[in-house]
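Comments concern the structure below.
Computed over heavy atoms, backbone and side chain alike; hydrogens, waters and symmetry mates excluded. Letters A, B, ... are given to chains in the order of the sequence lines, protein chains preceding strands, and every chain is numbered from 1.
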Amino acid sequence: MIARVFIKPKKGVLDPQGKAVHSALGKLGFNQVRDVRVGKYVEIRLDTGDRDAARSGVQKMCDTLLVNKVIEDFTFDIADD
Amino acid sequence: MIARVFIKPKKGVLDPQGKAVHSALGKLGFNQVRDVRVGKYVEIRLDTGDRDAARSGVQKMCDTLLVNKVIEDFTFDIADD
Amino acid sequence: MTRARAGVIVFPGTNCDRDTYHVVESTAGMEVDYLWYERKTLRDYQIVLVPGGFSYGDYLRAGALARFSPVMEALREYADRGGLVLGICNGFQVLLEASMLPGAMQKNKTLRFICREIHVRVERSDTPFTLLYRKGEVLSIPIAHAEGNYYASDETLRHIEDNGQVVFRYVDEKGGVTAAANPNGSVNSIAGLCSAGRNILAMMPHPERAADRLLGSEDGTRLFLSIKKALR
Amino acid sequence: MENLDTLLKELNLTPTEYTRITGELGRQPSLTELWIFSAMWSEHCSYKSSRPYLGRMPSTGKDVLIGPGENAGAVSIGDGLAVIFKMESHNHPSFIEPYNGAATGVGGILRDIFTMGARPVAILDSLRFGEPDDSRMRYLIDGVVAGIAGYGNCMGIPTVGGEIYFDSTYRENIIVNAMAVGIAPADRIFLAKASGAGNPVFYVGSRTGRDGIHGATMASASFTEETAVLKPTVQVGDPFMEKLLMEACLELMKADHIVAIQDMGAAGLTSSAVEMAAKGGLGIAINLDRVPQREEGMMPHEIMLSESQERMLIIAKKGHEKAVERVFKKWGLDVSRIGILTQQKQIIVRANGAVHARLPLDTLVDKAPVYTRHASMPAYRAEASEERPSDQIPEPADYHKTLLGLLSSPTIGSKAWVYEQYDHSVGTDTVIKPGAGAALVRIKGSKKGLAITTDGNARYTYLDPYTGAGIAVCEAARNIACVGARPIALTDCLNFGSPEDPEVMWQFIESVNGIAAASLALGIPVISGNVSFYNETEGKSIYPTPVIGMVGLIDDIATRITPGFKDSGDLIVLLGTTLDECGGSEYLKLAGGQIPGRPPKVSPAREARLIGLVHEMNKGRMITSATDCSEGGVGIALAEAAIAGNRGAEIRIAWQFRPDRELFSESQHRILVTTAGRSLEKFKNMAHKYSVPFQVLGRVQGTHLRLDGLLDIPLEELRAAYKKGP
Ligand SMILES: Nc1ncnc2c1ncn2[C@@H]1O[C@H](COP(=O)(O)OP(=O)(O)O)[C@@H](O)[C@H]1O
Ligand SMILES: [Mg+2]
């Protein structure tokens with residue numbers, strides 16, 4: 001199984017990186033961009049065939065380590081290899 | 001429209017972050033983890049209703065700015081707001 | 001009287017351990033030991049310092065991986081019992097990730113590492129770390145970090161301000177809080193924060209780098225002397 | 001082999017070299033063997049074009065403990081300590097991937113230092129970019145600076161200085177040189193010389209991947225479309241791993257467990273294994289199955305040639321295996337016994353139960369080809385006139401504007417935007433921080449300090465390589481003297497185009513001669529160095545760019561000198577002679593953009609007298625500040641001293657020639673000093689004794705820089721221009 005975790009700055013938390021990317025995109029002429037948020041992408045390859053176990057495992061990894069909930073939000077999905 | 005870009009270190013390219021996270025997860029008792037890659041997640045909100053235009057726009061953003069193709073790979077998807 | 005005993009925690013990737021050790025020993029005249037991150041007890045120490053550096057390479061988030069080290073368990077207990085803890089730079093980040101202090105660090109607003117002399121104002125002189133400073137005094141101390149942009153939710157912020165937990169604030173030379181004098185974008189220009197019980201202090205500036213006239217500033221010296229005095 | 005030609009091309013070996021290999025071996029080499037030859041015989045590893053000349057540089061001295069040939073050079077600094085340093089290039093990797101290229105450049109040079117048992121105490125970086133006005137160049141600049149910061153900061157070693165120049169010659173080939181300086185007990189320096197057949201060979205550090213497999217060959221070829229085809233996997237630095245590796249090595253070295261150690265740099269396991277065994281007159285047998293690997297299915301030649309970072313090869317003492325393993329395990333590092341030293345002078349490489357290479361070491365090392373390349377003086381140099389290029393520049397109508405223009409030019413302006421990204425205060429030893437001519441790093445536990453600088457003006461070297469290279473040595477020595485220290489040794493990094501181009505070869509030889517003459521005259525030995533050829537793109541080479549890294553010693557750090565004006569009323573004195581020398585100057589560039597003519601003249605003998613004078617005056621505590629005159633001449637030196645000291649000055653100059661030429665001439669061997677009025681007579685006598693011309697220019701005073709009707713600029717305006725940044 002492979003889990004893909006998407007982490008981004010929480011709503012309301014300033015995102016200096018997103019702001020910088022947004023302005024750089026503007027300078028390059030991409031002017032339909034309304035907003036950019038930059039976060040982290042974590043890909044986890046798991047040795048298990050049990051999707052539910054995988055799901056609860058990844059949820060726990062996010063809760064304990066991967067995400068700092070003071071400033072970050074996350075979602076994840078799980079797919080077969 | 002909202003584009004989600006997933007960027008990760010290319011195959012074969014050393015990923016010190018992924019390595020460190022992998023070993024930390026191991027120490028925390030998550031031992032079904034085979035591999036971890038850590039990359040970037042970019043969420044781009046676009047002022048357009050045209051999915052094809054959005055797609056080619058985001059592709060170009062990745063090519064010119066968001067992704068360092070010497071060491072990174074990427075994929076993206078596009079969804080309605 | 002036996003000399004007070006200080007411990008300096010060493011995580012893999014810590015790199016200000018030797019600087020901190022040196023200053024605590026030579027300036028505050030304490031006995032100092034390095035405390036390896038796998039250590040499980042801190043009973044023998046009167047003060048524990050969590051020094052700067054890049055614990056675990058600062059990978060994922062600064063301080064995120066260090067917080068799971070065995071010594072952190074011991075540190076939490078130690079602090080709960082009222083033991084003095086000083087976190088500097090990466091130490092601050094570790095203490096935040098360990099939720100021993102509220103809030104979180106983000107990348108500097110410039111998105112760059114910044115190494116520079118800056119000014120901070122002493123907001124409280126009634127902590128064990130700042131006894132020998134005057135409230136309102138402006139200190140010149142270097143910073144050196146990439147993730148020192150302190151964030152806390154409005155609610156938390158109100159709480160720590162009301163509680164008087166802000167110990168240092170970034171200011172200009174004259175002591176004014178201005179946007180230009182805030183090097184990294186921290187909310188309320190917060191540079192240093194203490195716990196509700198005042199026994200934990202965490203700060204981004206490096207007082208150990210400002211404790212010698214040769215290095216340009218001695219403004220950090222009294223922080224170590226304060227600790228010594230508090231322990232007497 | 002059917003497509004031998006293609007393979008040889010890929011490996012950057014010539015058909016003649018191949019014939020030589022088969023001749024030496026008396027047979028055809030295996031694939032693995034051919035790869036090993038390609039690495040060991042590459043320009044980068046064998047110095048086949050440069051070796052005949054490098055010996056011209058003086059490398060001995062009474063304090064020199066280790067000269068060129070080891071991982072780095074070492075000089076005794078008393079108190080049982082040695083300073084160990086070297087500089088190295090990482091130009092091509094940084095052009096391909098600026099962040100990681102620069103980062104791994106720092107990682108590599110740091111390994112060279114701690115490999116020898118020294119704890120690194122300082123990093124410097126010498127950078128050359130194209131003009132910072134297009135987005136691609138900005139990307140390279142930002143990436144390189146961030147990469148150096150990313151690595152050095154994480155290691156906790158202060159980056160205390162360096163230089164950065166901008167010139168269109170580097171548009172397609174940037175220069176990234178890094179220097180590292182360390183301190184070790186003089187009697188515990190570790191070498192890469194193996195000894196003791198039967199001793200075990202350990203691999204420690206990161207795992208091996210397919211990173212930078214073509215590294216050494218790539219550094220030995222020009223950039224062409226084909227380089228892209230080579231597509232090596234880019235090396236990514238892991239400074240965290242290196243920090244652990246450094247602490248582990250230094251811990252291991254406290255006891256007597258090892259006989260030799262070498263980092264795996266260019267050409268990875270191949271060169272470290274071959275060089276260590278060859279230096280010891282022994283052989284080595286390694287089993288690749290025992291090499292920790294990050295990727296699956298790696299071929300023997302891939303493992304042998306990989307340039308994965310943060311790895312070391314250690315020859316341990318037999319019986320001490322456990323101790324070695326214990327230390328590396330403590331630091332969480334991979335450690336594996338991969339081989340053994342043998343009596344027979346061969347390298348034997350086994351994998352999967354088969355022997356993939358069995359090569360005599362002398363063929364790989366001593367019998368590597370050496371080329372006496374053809375050299376000829378380039379036309380531009382032969383035709384350069386002695387005519388003063390400044391004759392072509394009209395006198396500025398507005399000196400104010402000209403001075404500010406120079407002060408804010410990217411090459412002269414403040415580099416704070418660079419060095420504030422570097423942790424320059426970690427270690428609590430950086431007594432003079434970046435911003436002065438040289439940095440000063442104290443040695444805890446003594447009164448001593450090390451002054452460190454890098455210098456090299458490639459415009460001068462282009463116009464006249466011999467002169468330009470000599471100037472680099474003199475300027476470095478002057479920068480050291482200006483902080484109150486005495487130069488003790490130097491390292492160099494020689495960045496040039498293709499040695500197969502006779503004009504480049506001429507530039508190279510002339511530069512080496514220039515360095516040799518200057519260092520000999522100044523009595524400063526060359527203890528280490530690095531040659532980087534093939535800095536060209538599509539046949540166009542960069543300006544010849546030799547860079548000098550120099551270390552000086554100050555016995556009592558309390559006697560250091562800093563550049564800023566100190567006390568109001570101090571006299572401002574110019575030591576040395578100003579000639580009408582604007583060739584190759586920043587002023588000329590600002591005025592016209594052309595760089596014809598000749599560079600300023602060089603005289604190491606005059607430099608030696610100047611430095612001697614400053615040293616003696618400082619002993620008598622007569623100097624309150626010192627700033628060397630380099631790019632931008634006296635005009636800029638005055639402005640810099642005023643800005644640094646936050647003090648104005650009142651200047652009156654008895655012009656010898658047109659004021660702009662005199663103010664901005666880049667004549668060498670000049671230092672601007674200040675002194676209290678009462679010292680003047682003594683000062684004059686001493687200058688006379690050293691035959692150094694002496695000219696009182698004015699006084700430290702007020703908050704403006706005032707110059708005799710030509711200039712009246714408030715300090716804030718000077719500072720704003722200086723700090724503007726590119
Ligand atoms: N790339 C760099 N990295 C670190 N420090 C730098 C760099 N470039 C310049 N500096 C510092 O900025 C100051 C001015 O540099 P430079 O103009 O080259 O000085 P000088 O002309 O005296 O040699 C020096 O202290 C130098 O060490
Ligand atoms: Mg210079």
Side-chain angles (χ1 to χ4, degrees), chain B residues 3-48 53-76, chain D residues 92-101 103-104 107 135-136 138-140 142-143 146-147 150-151 154 205-213 227-228 230-245 292-298 302 306-311 331-334:
Chain B
R4 308 190 306 163
V5 183
F6 318 116
I7 305 169
K8 65 171 180 183
K10 260 190 187 165
K11 196 167 170 254
V13 169
L14 179 72
D15 175 16
Q17 274 207 94
K19 208 170 66 176
V21 171
H22 188 174
S23 112
L25 286 174
K27 280 188 204 139
L28 287 172
F30 297 104
N31 29 33
Q32 335 86 312
V33 177
R34 199 181 336 143
D35 191 31
V36 179
R37 305 288 275 175
V38 176
K40 280 196 206 96
Y41 171 64
V42 184
E43 213 176 78
I44 306 168
R45 218 164 274 276
L46 293 162
D47 275 330
T48 173
R55 177 162 296 279
S56 82
V58 172
Q59 176 76 39
K60 220 183 273 162
M61 292 176 202
C62 290
D63 291 342
T64 51
L65 180 74
L66 300 180
V67 181
N68 178 354
K69 293 200 188 158
V70 181
I71 48 174
E72 295 170 331
D73 272 340
F74 71 101
T75 52
F76 66 88
Chain D
H92 286 179
S94 302
F95 193 72
I96 293 172
E97 214 308 280
Y99 184 97
N100 284 293
T104 52
S135 63
R136 208 178 89 86
R138 293 307 293 235
Y139 168 76
L140 291 171
D142 289 348
Y151 212 98
C154 181
S206 278
R207 292 165 175 243
T208 298
R210 290 187 176 86
D211 316 345
I213 283 174
T227 319
L230 281 180
K231 275 219 191 83
T233 307
V234 168
Q235 306 152 39
V236 168
D238 184 351
F240 169 57
M241 178 60 73
E242 176 128 318
K243 165 77 171 156
L244 303 181
L245 186 61
Q293 292 162 45
R294 194 177 84 228
E295 293 182 72
E296 276 160 29
M298 291 182 69
E302 291 179 317
S306 162
E307 294 189 2
S308 287
Q309 299 290 298
E310 294 97 20
R311 304 177 303 159
W331 288 94
L333 298 165
D334 272 308

Exercise for review: Take B:K19 and D:R294 through the side chain to side chain contact (heavy atoms under 4.5 Å, CB included) test and state the conclusion after the steps.
Suggested key: CA-CA 11 Å; B:K19 208 170 66 176; D:R294 194 177 84 228; 5.8 Å; no
Point to revise | Steps toward side chain to side chain contact (heavy atoms under 4.5 Å, CB included) verdict (D:Y99, B:V70) | key: CA-CA 11 Å; D:Y99 184 97; B:V70 181; over 6 Å; no
Review point. How would you list, by chain and number, every residue that makes a side-chain contact (heavy atoms from CB on, under 4.5 Å) with B:Q32, sequence neighbours excluded?
Key: A:D47, B:F30
Point to revise | Contacts of residues 3-18 of chain B with chain D (heavy atom under 4.5 Å) | key: B:G12, B:V13, B:L14, B:P16
Review point. D:F240 versus chain B, heavy atoms under 4.5 Å apart: side chain, backbone, both or neither?
Key: neither
Review point. Checking D:S206 against chain B: side chain, backbone, both or neither under 4.5 Å from a heavy atom?
Key: side chain
